[in-house]
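Below: the structure, in structure tokens.
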Amino acid sequence: MTIWIEIDLCNGCKLCMKACPYGAVELENGKAHILERCTSCGACVEACKQKAIQTDAQPRSIPDFSDRKGVWVFAEQRHGKLNRVTLELLGKARELADTLNQDVSALLLGHGVSDLGETLISYGAQKIYLVEHPTLKDYRTTAYTQVIQGLVNQFKPNVFLVGATHLGRDLAPRVSRRVGVGLTADCTELEIDPDESILLQTRPAFGGNVMATIANRYSRPQMATVRPGVMEAEERLDNKGDILKHEISLFEEDMDTRVLEVVKEKRRRVDLSEAKVIVAGGRGVGDAGGFKVLEDLAAAMGGEVAGTRVAVEEGWIPSDRQIGQTGQSVRPELYIACGISGAIQHRAGMMNARYVIAINKDPRAPIFQVADWGMVGDLHEVIPEMMAQFKAGRNE
Amino acid sequence: MDIIVLVKQVPDTTEVKLDPKTGNLIREGVESIINPDDLHALEAAVDLQETHGGKVTALSMGPPQAIDAISEALGMGVHEGILLTDKAFGGADTWATSFTLGKAIEKIEEYDLILCGRQAIDGDTAQIGPQVADYLNIPQVSYVCEIETIEEDALVAKTRLEDGFERIHCGLPALLTVIGELNTPRYPLMGRALDACKEKAPIKVWNAADIGVQTSQVGLEGSLTHVIKTFAPKFKRETEMLEGDTREMVGDLMGRLKENRLI
Ligand SMILES: Cc1cc2nc3c(=O)[nH]c(=O)nc-3n(C[C@H](O)[C@H](O)[C@H](O)COP(=O)(O)OP(=O)(O)OC[C@H]3O[C@@H](n4cnc5c(N)ncnc54)[C@H](O)[C@@H]3O)c2cc1C
Ligand SMILES: Nc1ncnc2c1ncn2[C@@H]1O[C@H](COP(=O)(O)O)[C@@H](O)[C@H]1O
């Protein structure tokens with residue numbers, strides 16, 4: 001495919017330059033000009049209000065999807081334990097479904113897992129498709145794919161969300177290919193477009209330097225995997241739902257994989273997604289001893305300690321406590337950033353905190369732009385003072 | 001044991017920055033590299049070949065300059081490289097990419113194992129492996145951190161989970177997506193890498209017609225998802241800077257925390 005500019009139509013508004021993720025459009029004599037590095041991604045075509053950017057791509061008609069209804073959530077469980085991301089997805093799914101005036105369903109696959117249905121209902125599922133079978137006891141990609149393919153073809157959902165966990169990122173692409181739909185990975189924002197009623201899927205790209213909003217116009221269900229820790233779970237104790245048992249036939253002989261052994265390693269990954277208070281440190285903390293002080297403050301406040309990639313690379317905290325683009329996303333009530341500059345990749349993991357406190361000796365550090373309360377100062381003085389006043393306050 | 005390795009050339013995203021004025025990516029001076037996970041896939045393939053024999057092919061879809069990635073793979077000991085390049089492949093989402101790679105693999109025909117990286121650092125989707133496997137109708141094992149045993153028709157692999165690992169028995173042919181823990185990639189041998197740049201180098205370049213696809217099935221036109229907007233991440237808050245000496249600032253803070261029932 002090629003993209004070109006109809007010079008006469010271009011008014012030099014630069015919208016295309018803003019839209020181009022590759023910096024491949026420039027202004028030349030007041031008109032847009034496409035550079036060699038263009039990858040034909042088409043983002044500029046969408047952006048141009050003058051219809052000055054043209055392509056030789058055939059205009060595609062959008063099929064009629066009016067029979068596609070319902071927002072589905074894949075209920076991830078391993079060994080009978082629900083992954084928390086499922087509840088977060090249900091929270092988001094309800095919001096999307098309310099906008100669309102449709103229902104939320106959860107897909108629960110496994111063996112001896114029916115008692116999880118109640119939890120799914122209390123977090124917003126209105127229908128549960130329950131599929132129980134001995135071959136589904138351990139998660140296996142192709143068996144789960146086959147079952148989900150059957151359900152999707154029979155019940156024709158509109159939207160299908162899967163957690164972007166290890167399991168979800170193994171399963172969702174396989175399902176998407178099988179049922180013939182597009183898939184957006186690792187979304188951090190989802191909303192319904194008010195005009196087209198389609199799902200707008202926003203995700204970080206290029207190591208978090210850019211956010212991209214992606215639409216899935218040509219296939220249904222609109223599938224996305226969603227980053228854990230980003231959406232908000234909401235308990236709805238008055239919610240009512242039905243559990244529908246779905247029968248399938250699968251045979252162990254047909255399975256192409258077998259799980260020989262599952263080995264749990266203790267505390268391989270600390271789950272920071274449920275922490276109410278997080279005390280996070282960066283390069284400014286200086287050494288492992290400095291982190292001990294942060295840990296004490298976290299412990300006093302009933303929270304967890306975490307840090308930036310620099311803190312992990314320096315070996316001051318284990319890698320499972322890294323916050324950010326390549327670490328965990330968190331949404332605590334309170335996030336205390338100590339000696340952290342506030343790089344974009346770090347912000348990506350903590351922007352959903354309810355309140356942010358920043359302590360940094362550099363008043364121009366970007367972390368202050370994303371903090372509710374900022375303190376310019378040396379953390380080695382500020383933190384002990386916080387500890388002292390916090391303790392004094394508690395003893396009052 | 002015939003092995004196909006999927007290799008992607010990516011911009012070194014640690015170098016990619018946003019132009020503060022235009023909000024565009026600055027790609028000038030950003031080096032193109034083999035996607036880091038794919039180096040581990042290449043290492044595993046060459047290593048398996050050294051013990052079990054057979055042929056290793058590196059397959060990449062990308063712009064013409066992605067040939068550098070293939071040369072580097074040949075330098076590591078891969079026998080043959082195939083570059084899928086065509087204007088028509090541009091702007092592909094993972095649906096169209098997995099279709100294109102799948103078609104090329106069908107043309108290669110002979111394989112026992114396909115190795116790819118878990119994810120590419122430019123998109124971080126981790127979708128291509130599973131989607132290619134589904135297109136070819138073969139099983140996949142994701143996040144492989146160890147290949148324990150491999151025989152004619154099956155292998156046992158260890159895969160990483162969030163809280164441990166699993167050992168999986170999988171029939172062949174199969175596709176594995178691998179992570180860094182699997183091995184330490186060797187450096188390409190200078191001599192071999194140079195040979196790989198010569199005219200007689202075992203590199204094939206295929207376009208859309210060569211793999212028998214219509215332009216409407218690939219690239220942007222064959223994609224099901226489309227980027228409709230990109231923007232710089234914004235997470236601004238109304239910041240209140242606390243004033244005074246340390247004791248005063250912290251005192252002020254404690255008051256606000258109490259006010260908001262945070263402590
Ligand atoms: C692809 C990619 C992915 C990445 N993923 C992540 C990620 O997931 N998470 C992450 O955190 N980073 C990530 N990074 C790295 C990120 O870009 C930054 O380099 C990193 O977050 C900086 O860490 P820092 O704030 O600890 O260090 P610095 O940027 O060095 O900041 C240290 C700060 O401490 C302040 N300071 C120093 N001494 C004191 C003191 N005594 N008292 C108070 N303040 C003090 C300084 O003024 C400075 O602002 C990623 C980068 C890339 C390219
Ligand atoms: N254009 C491509 N050419 C060859 N292999 C690719 C391509 N895109 C992705 N892959 C392979 O798929 C893996 C996952 O990529 P992704 O799904 O883009 O994160 C990569 O590590 C590569 O092994």
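Letters A, B, ... are given to chains in the order of the sequence lines, protein chains preceding strands, and every chain is numbered from 1. Below, all heavy atoms of this structure are taken into account, side chains as well, without hydrogens, waters or symmetry copies. Everything quoted here is computed from the prediction, not taken from an experiment.
With rounding to the nearest 0.5 angstrom, the CG atom of L161(B) is 8.5 Å from the CG atom of L167(A). Between the CG atom in L224(B) and the CZ atom in R177(A) there is a gap of 8.5 Å [rounded to 0.5 Å]. A distance of 15.5 Å separates CZ of R247(B) from CE of M386(A), quoted to the nearest 0.5 Å. Interatomic distance, NE2 of H226(B) versus OG1 of T184(A), reported as 11.0 Å (0.5 Å rounding). Taking NZ of K229(B) as the reference point, atom NZ of K18(A) lies at 13.0 Å (rounded to 0.5 Å). The CZ atom of R256(B) sits 7.5 Å away from the CH2 atom of W373(A) when rounded to the nearest 0.5 Å.
For T225(B) against L183(A), the heavy-atom pair with the smallest separation is CG2-N, 3.7 Å. Shown here for A126(B) and P173(A), the closest heavy-atom pair between the two residues is O-CG, 4.2 Å. Across all non-hydrogen atoms, the minimal contact from M241(B) to V376(A) is CE-CG2, 3.5 Å. Residues I263(B) and F390(A) approach most closely at CG2-CE1, 3.5 Å, considering heavy atoms.
Both the backbone and the side chain of M249(B) come within less than 4.5 Å of a heavy atom in chain A. Heavy-atom distances place no part of R140(A) under 4.5 Å from chain B, backbone and side chain included. Both the backbone and the side chain of Q140(B) come within less than 4.5 Å of a heavy atom in chain A. In this structure, no portion of E243(B) lies under 4.5 Å from any heavy atom of chain A. Heavy atoms closer than 4.5 Å to chain A are found in the side chain of V156(B), but not in its backbone. If you measure heavy-atom distances from Y143(B) to chain A, the contacts under 4.5 Å come from the side chain alone. Contacts between L253(B) and chain A at a heavy-atom distance below 4.5 Å involve the side chain alone, from C-beta outward. If you measure heavy-atom distances from I138(B) to chain A, the contacts under 4.5 Å come from the backbone alone. With a 4.5 angstrom heavy-atom cutoff, M301(A) touches chain B only via side-chain atoms. Residue T215(B): no heavy atom, backbone or side chain, is found under 4.5 Å from chain A.
Between E265(A) and R160(B) there is a salt bridge, since at least one side-chain N of the basic residue sits less than 4.0 Å from a carboxylate O of the acidic one. One finds a salt bridge joining E166(B) and R78(A) here, because a Lys/Arg side-chain nitrogen approaches an Asp/Glu carboxylate oxygen to under 4.0 Å.
No donor-acceptor distance shorter than 3.5 angstrom exists from the side chain of R258(A) to the backbone of C170(B), with no hydrogens or angles considered. Using modelled atom types, one side-chain atom of R237(B) and one backbone atom of M351(A) make a donor-acceptor pair closer than 3.5 Å.
Among the candidates L171(A), V263(A), V175(A), L334(A), the residue making the largest number of heavy-atom pairs closer than 4.5 Å to chain B is V263(A). Contact count versus chain A (heavy atoms, under 4.5 Å) is highest, among G219(B), A133(B), G171(B), A174(B), for A133(B). Note on G377(A), A47(A), G393(A), S176(A): by heavy-atom pairs under 4.5 Å with chain B, the leading option is S176(A). Between chain B and the options V356(A), T145(A), T142(A), D378(A), the largest number of non-hydrogen pairs under 4.5 Å is found for V356(A). Counting heavy-atom pairs closer than 4.5 Å to chain B, the top residue among D256(A), V382(A), T225(A) is D256(A). Note on K264(A), K14(A), Q389(A): by heavy-atom pairs under 4.5 Å with chain B, the leading option is Q389(A). Among T165(A), I359(A), D186(A), the residue with the largest count of heavy-atom pairs under 4.5 Å with chain B is T165(A).
For the 3.5 Å distance criterion, the side chains of T239(B) and Q369(A) fail to qualify, holding no donor opposite an acceptor. Defined by atom type and a distance below 3.5 Å, a donor-acceptor pair is missing between the side-chain atoms of R169(A) and S142(B).
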- Message: Under the criterion side chain to side chain contact (heavy atoms under 4.5 Å, CB included), I'd like the reasoning laid out for L262(B) against E333(A): C-alpha separation, chi angles, the key distance, then a yes or no.
- Response: CA-CA 7 Å; L262(B) 291 165; E333(A) 287 290 303; 4.1 Å; yes

- Under the side chain to side chain contact (heavy atoms under 4.5 Å, CB included) criterion, do I228(B) and R217(A) qualify, and how do the steps go? CA-CA 11 Å; I228(B) 57 173; R217(A) 288 200 179 97; 4.2 Å; yes

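Remark: R261(B) CZ is loosely packed, at most 12 non-hydrogen atoms of other residues, nucleotides or ligands lying under 6.0 Å away. Sparse packing is recorded around CD of Q214(B), with 12 or fewer heavy atoms of other residues, nucleotides or ligands lying under 6.0 Å away.
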